[in-house]
Amino acid sequence: MGCETENRATWLSKHILPHEGALRAWLLIKPRGGLEVDDIVQETYAILADRESVESIRNPKAYAFEVAQSIILGHFRRGRIVSISTHPDVDAMGAVTDAPSPERQASDREELLNVV
C-alpha cells in the first residue's frame with residue numbers, strides 16, 4: 001500500500017468510521033429511492049477515499065453526511081431521466097415536424113421583404 005493510501009485509510013478510520021453508526025441511523029429514516037443503506041455507506045467511503053485531498057474538509061462528519069445525501073439525490077435525478085426510445089411512437093408525440101420553426105419562418109419573411 002502506498003503512503004498516500006495509508007494516510008487516507010488512517011484519516012477515514014479516525015474521522016469517518018466513528019460516525020458510521022449515526023450515518024446509518026440517519027439513512028434509515030431518509031427516503032432512499034430503493035437504495036440500500038450499505039450501498040450508500042460503501043459509496044460514501046469510496047468517494048472520500050478517492051478524493052484528491054481531504055485537507056479542506058473541516059467537519060468530516062458533516063461532509064460524510066453530505067456525500068451520502070448527494071448519492072441519494074443523484075440516484076433520484078437519474079431515475080427521472082426518461083429515454084426517448086421507451087416511448088412506443090415518438091412521431092405521435094408531435095416532437096418531430098416538417099414545418100419550419102417560428103424562427104425560420106420569421107427569417108424567411110424578412111428575407112422575402114428584402115428581395116421585393
Side-chain angles (χ1 to χ4, degrees):
M1 216 182 338
C3 183
E4 185 59 35
T5 305
E6 287 178 19
N7 289 343
R8 186 58 52 85
T10 301
W11 185 89
L12 285 167
S13 66
K14 182 178 178 184
H15 295 285
I16 303 299
L17 192 60
H19 306 293
E20 184 178 324
L23 177 62
R24 287 178 177 277
W26 180 72
L27 288 169
L28 283 172
I29 62 171
K30 292 196 67 60
R32 299 180 311 276
L35 289 176
E36 296 290 328
V37 170
D38 289 340
D39 294 337
I40 298 169
V41 171
Q42 187 65 32
E43 183 69 17
T44 299
Y45 280 125
I47 289 170
L48 290 171
D50 198 40
R51 277 185 56 98
E52 190 172 312
S53 171
V54 293
E55 298 290 322
S56 63
I57 299 174
R58 299 289 170 237
N59 187 338
K61 178 183 177 183
Y63 192 81
F65 278 65
E66 287 295 323
V67 169
Q69 176 70 17
S70 177
I71 292 166
I72 294 169
L73 291 175
H75 175 72
F76 281 126
R77 279 190 208 104
R78 285 186 300 278
R80 290 193 321 212
I81 297 172
V82 177
S83 172
I84 193 86
S85 63
T86 61
H87 195 281
D89 190 5
V90 175
D91 291 332
M93 294 173 55
V96 179
T97 179
D98 291 333
S101 69
E103 294 84 6
R104 181 63 186 202
Q105 289 175 10
S107 172
D108 289 348
R109 276 191 203 105
E110 187 177 313
E111 189 176 323
L112 279 174
L113 289 174
N114 289 335
V115 171
V116 177

Atom pair [atom1]/[atom2] of [X] and [Y] - distance to nearest 0.5 Å:
X      : Y      : atom1 : atom2 : result
Ile40  : Lys30  : CD1   : NZ    : 9.5 Å
Phe65  : Leu27  : CZ    : CG    : 7.5 Å
Arg104 : Glu111 : CZ    : CD    : 7.5 Å
Ser56  : Arg58  : OG    : CZ    : 7.0 Å
Leu17  : Tyr45  : CG    : OH    : 4.5 Å
Glu43  : Asp50  : CD    : CG    : 9.5 Å

Check your understanding: Under 3.5 Å, side chain of Ser13 to main-chain N/O of Ala9, donor-acceptor pair present?
Key ->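 Yes, the answer is positive, given that a donor and an acceptor are paired below the 3.5 Å cut-off.
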**Study point:** Qualifying residues under side chain to side chain contact (heavy atoms under 4.5 Å, CB included), relative to Asp38, sequence neighbours excluded
**Key:** Arg24
Atom of [X], atom of [Y] and distance for their closest heavy-atom approach:
X     : Y     : result
Pro31 : Ile72 : O-CG2, 3.6 Å
Leu48 : Ala64 : CD1-CB, 4.2 Å
Pro60 : Ile16 : O-CD1, 3.4 Å

Review point. With sequence neighbours excluded, what pairs up with Glu66 under the salt bridge (Lys or Arg N to Asp or Glu O under 4.0 Å) test?
Key: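 None.
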[Y] and [X], any side-chain heavy atoms less than 4.5 Å apart:
X     : Y     : value
Ile71 : Ile47 : yes
Trp11 : Arg51 : no
Arg32 : His75 : no
Gln69 : Trp26 : yes
Leu12 : Val54 : no

Check your understanding: Do Leu73 and Ile29 belong together in a cluster built from hydrophobic side chains that touch within less than 4.5 Å?
Key -> no
